[in-house]
Each structure stands twice: as structure tokens, then as C-alpha cells.
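Remarks on the structure that follows.
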Amino acid sequence: MGYCQDDKLVNTICDLYEKISKLESLKPCEDVDTLFKQLVSTCIPPNPNIDVTRMSESIQEMRSNLIKLCGHAEGHLEHHFSSILNSFEDNPLHHLNFFPYYNNYLKLSKLEFDLLEQNLNGSVPKTVAFIGSGPLPLTSIVLASSHLKDSIFHNFDVDPSANSVAARLVSSDPDLSQRMFFHTVDVMDMSGSLKDFDVVFLAALVGMDKQEKIKVIEHLEKHMSPGALLMLRSAHGPRAFLYPIVEPCDLQGFQVLSVYHPTDEVINSVVISRKLAGDVGNGVIHDHMDQDCDIACNCSQIHAIMNKKKSIVEEFTGSIEEQLS
């Protein structure tokens, strides 16, 4: 089974993978819903004995395939509920709580806004990009309607049908219809336009494996404006069977500001970083980050923790300066 002190949990995940991979369709139905609920409930409890990066090749391959299946199922689920919401005669945004995971998005968006606020030095982003927004762009909607009420949001997705149903969701809203825009494009084909954004969000399933994710991050580093913030979603412990992992050392050319690993029903970890300026991003700091990659990637040492009453986010500015000195 490779490195793991909880083979029982991994065996359970493997069994669920086998059942999910045999499904004829991943569109919402009783069998699909039941299996993915079982998978999520299995992966959510924090487990310090699980480090997917140190497991056997066969487990790594299964995990990679499972993440792709989760991504396809999530796309179908969002399409399904976006269509339901668009069927309402009044403003669809008044019925977002029909989506079963809406409360999770409220919590995740509040967390991401709090992290942004801590690192924006009192300024408010004028323009925000969300890459991989999908057919139900709840993060953009919640941020725009509840937290960043004056910001312009540009949502990017490769799927024109996803953009079509997403645009319909906000079309009847007098506020968001004027501040939220949708573009069908591959992030790897974006270049100059990326410099226009103060904050860039990268969805968890843009780049479903390590190599793809790093290519996207390198592309963003090349084209984002110096000083702009990059907000990524990652995963930790057993939750890494559901989503790809982003380590601090993957963010070459960025200063990692905070890494947050939730312990509640919010699945995704959050990594926030700032694009370094000019020669700093292409020179000495890269070398030192390469040398200290093992230190920076040790999430058990640098992770943020959360209790029931208060979140504690570890700041990286000081620790990085110490590593580079």
C-alpha cells in the first residue's frame, strides 16, 4: 500500500473508487449521489497519518483517476443545479440555497475574503479574475454580492455551455449583471489580459494533476501583474483524494503569504500568494526556494489550523525571510 499508517481508510477509498469508476454516468442520480457522499464523508475527517505524496505508485494512479472522476461529477452536479436555478421565474440568485453545498461555499468565500483582506493593505481590488468558474460560479457570486461589492468579476472557463448557464444566473440581477462577465477561453491562451487583474482565483480542478497545475501556475506567474494576489485551492490529508495538492514550493515567482487547512466540512485548503516583481521573481528568490523546497512543502509544519470558534492562519512573510537569510 506504500507509506500510510491508515490502510483501512485507503482501502475504503479504493473500494469506492472501483464502484464509482464502474458507473455508466456521473450525472446526478441516486447511485452517483450515494457513492460521492460516502467518498466525501470518508475523506473529510482530518488524519495526520495520511500523506498521499508518499504512497505507492498504484495508489497515486488511483488518486489521479479519482480526482478526474470527482471533477466530472462536480461539473454535472453544477450544470444540474444551475439549470434548476435558471428555471425560476424571478431572480435565480434568490434561490441559491437549493444547491446542497451552498453553505460550504459561503464559508469558503468568507475565509478567502478574510485572507484577501489581511493581505490587501486596506485596498479593495477593482478587478477580479476567476479561472475555472464553471456553470455555477458560487464563489464569484458570493464574493461579489457579500464581500467585494464594488469589484468587477471576470469569469473564465473553457466550456461554452458552462458560461452560458452561468451568465443566465446573473442576467436578471440588477447589480451582478453589471459587474460579472463570462469568457470562454483556456487559461493557457490568456496572456496580456492577466495583467489587468488585482486578484486571480484559480479553481481547484484547473490542472487536475501536478504537472498540469504547475504549468498553469507558471503561466500565471509569467503574465500576472507584479504585486497581484493569486488565490489557489488545494487539499490536505485524505481530502487530497478529492482535489489536487498545491505546495508552497510550486509557486515559483510568488511570495506565499498564507496556507490554510480547514478541519470542518469545507474541503479545500486555501493558498494565497503575491506575484513578485521583475528580477526578484526570476532570480535569487527562485534559487533559494528551490533549495528550501522540502522545508516549504512540509505542510505539517507550515499549515494553518482552525478550531470551532476561531481560525488561525499562519503568515509566511517572516518565515520566508528567515529561510532566505
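When reading the values below, keep in mind they use all heavy atoms of this one structure, side chains included, and skip hydrogens, waters and symmetry mates.
For the pair I59/C14, a side-chain contact is recorded, criterion being any heavy-atom separation below 4.5 Å from C-beta on. Annotation: side chain of I245 is in contact with side chain of R63 (closest heavy-atom distance under 4.5 Å). A heavy-atom distance below 4.5 Å is not found between the side chains of L9 and N49. At least one side-chain heavy atom of I50 sits under 4.5 Å from a side-chain heavy atom of M55. Taking 4.5 Å as the limit, every side-chain heavy atom of K275 sits out of range of all side-chain heavy atoms of L220. At a threshold of 4.5 Å between non-hydrogen side-chain atoms, the residues S145 and L93 do not count as touching. Contact of the R239 side chain with the P262 side chain is registered, since non-hydrogen atoms from C-beta on lie closer than 4.5 Å. A heavy-atom distance below 4.5 Å is not found between the side chains of P135 and S161.
No continuous path of ILVMFWY side-chain contacts below 4.5 Å connects V246 to I214, so the two sit in separate hydrophobic clusters. Note on L148 and L111: same hydrophobic cluster, where clusters join Ile, Leu, Val, Met, Phe, Trp and Tyr whose side-chain heavy atoms are under 4.5 Å apart, directly or indirectly. In the hydrophobic cluster analysis, where Ile, Leu, Val, Met, Phe, Trp and Tyr join through side-chain heavy atoms closer than 4.5 angstrom, V158 is grouped apart from F182. In the hydrophobic clustering of ILVMFWY residues, with side-chain heavy atoms under 4.5 Å counting as a link, I67 and F241 come out together. F181 and F153 are members of different hydrophobic clusters when ILVMFWY side chains are connected at heavy-atom separations under 4.5 Å.
Ion pairing between K37 and D33 fails under the 4.0 Å rule for side-chain N and carboxylate O. Using a cut-off of 4.0 Å between Lys/Arg side-chain N and Asp/Glu carboxylate O, D31 and K19 are scored as not salt-bridged. With respect to the salt-bridge test (charged N to carboxylate O, under 4.0 angstrom), the residues K110 and D114 qualify.
In this structure, CG in L242 is found 9.0 Å from CG in N268, a value given to the nearest 0.5 Å. Taken to the nearest 0.5 Å, the CD atom of E265 stands 3.0 Å off from the NZ atom of K107. Atom OG in S164 sits 9.0 Å away from atom NE2 in H79 (nearest 0.5 Å). The NZ atom of K126 sits 10.5 Å away from the OG atom of S151 when rounded to the nearest 0.5 Å. Interatomic distance, L169 CG to L176 CG, rounded to the nearest 0.5 Å: 10.5 Å. To the nearest 0.5 Å, atom NE2 of residue H80 and atom CG of residue L85 are 10.0 Å apart.
Nearest heavy-atom pair, C43 versus P238, reported as atom, atom and distance to 0.1 Å: O-CB, 3.3 Å.
By the neighbour-count criterion of 12 heavy atoms within 6.0 Å, atom NZ of K222 is sparsely surrounded, having that number or fewer from other residues, nucleotides or ligands. Taking a 6.0 Å sphere around CG of D150, one finds it holds 12 or fewer heavy atoms contributed by other residues, nucleotides or ligands.
The aromatic rings of F197 and F156 sit perpendicular to each other, their planes meeting at more than 60°, with 30° as the lower class boundary. Taking the six-membered ring where the residue is Trp, H183 and H154 present parallel rings, their angle staying beneath 30° rather than reaching 60°.
The side chain to side chain donor-acceptor pair (under 3.5 Å) check on Y17 picks up N65, with sequence neighbours excluded. For S234, there are no side chain to side chain donor-acceptor pair (under 3.5 Å) partners two or more places apart in sequence or in a different chain. F88 pairs by the ring-ring contact (aromatic ring centres under 6.0 Å, His included) definition with H95, F98, not counting sequence neighbours.
The side-chain contact (heavy atoms from CB on, under 4.5 Å) with L257 is formed by just one residue from the set L116, L229, L115; it is L229. Checking K210, K215, K213 one by one against D250, the salt bridge (charged side-chain N to carboxylate O under 4.0 Å, His left out) holds for a single residue, K210. Shown are V40, L26, L39; of these, the side-chain contact (heavy atoms from CB on, under 4.5 Å) with C70 is made only by L39.
No hydrogens or angles considered: nothing links the side chains of S123 and N121 as a donor-acceptor pair under 3.5 Å. Using modelled atom types and a 3.5 Å distance limit, the side chains of N163 and T184 yield a donor-acceptor pair. Side chain to side chain, Y101 and E74 fail the donor-acceptor criterion of an N or O pair below 3.5 Å.
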Show, in sequence, the C-alpha distance, side-chain angles and deciding distance for T139 and M231, and conclude whether the side-chain contact (heavy atoms from CB on, under 4.5 Å) test is met.
CA-CA 12 Å; T139 298; M231 183 77 76; over 6 Å; no
Show your reasoning for whether side-chain contact (heavy atoms from CB on, under 4.5 Å) applies to E117 and H147.
CA-CA 10 Å; E117 197 172 37; H147 303 298; over 6 Å; no
Show your reasoning for whether side-chain contact (heavy atoms from CB on, under 4.5 Å) applies to I217 and L232.
CA-CA 10 Å; I217 293 171; L232 304 101; 3.8 Å; yes
Given the rule in the side-chain contact (heavy atoms from CB on, under 4.5 Å) test, do L108 and V142 qualify, once you have shown the distances and angles that lead to the verdict?
CA-CA 10 Å; L108 179 58; V142 173; over 6 Å; no
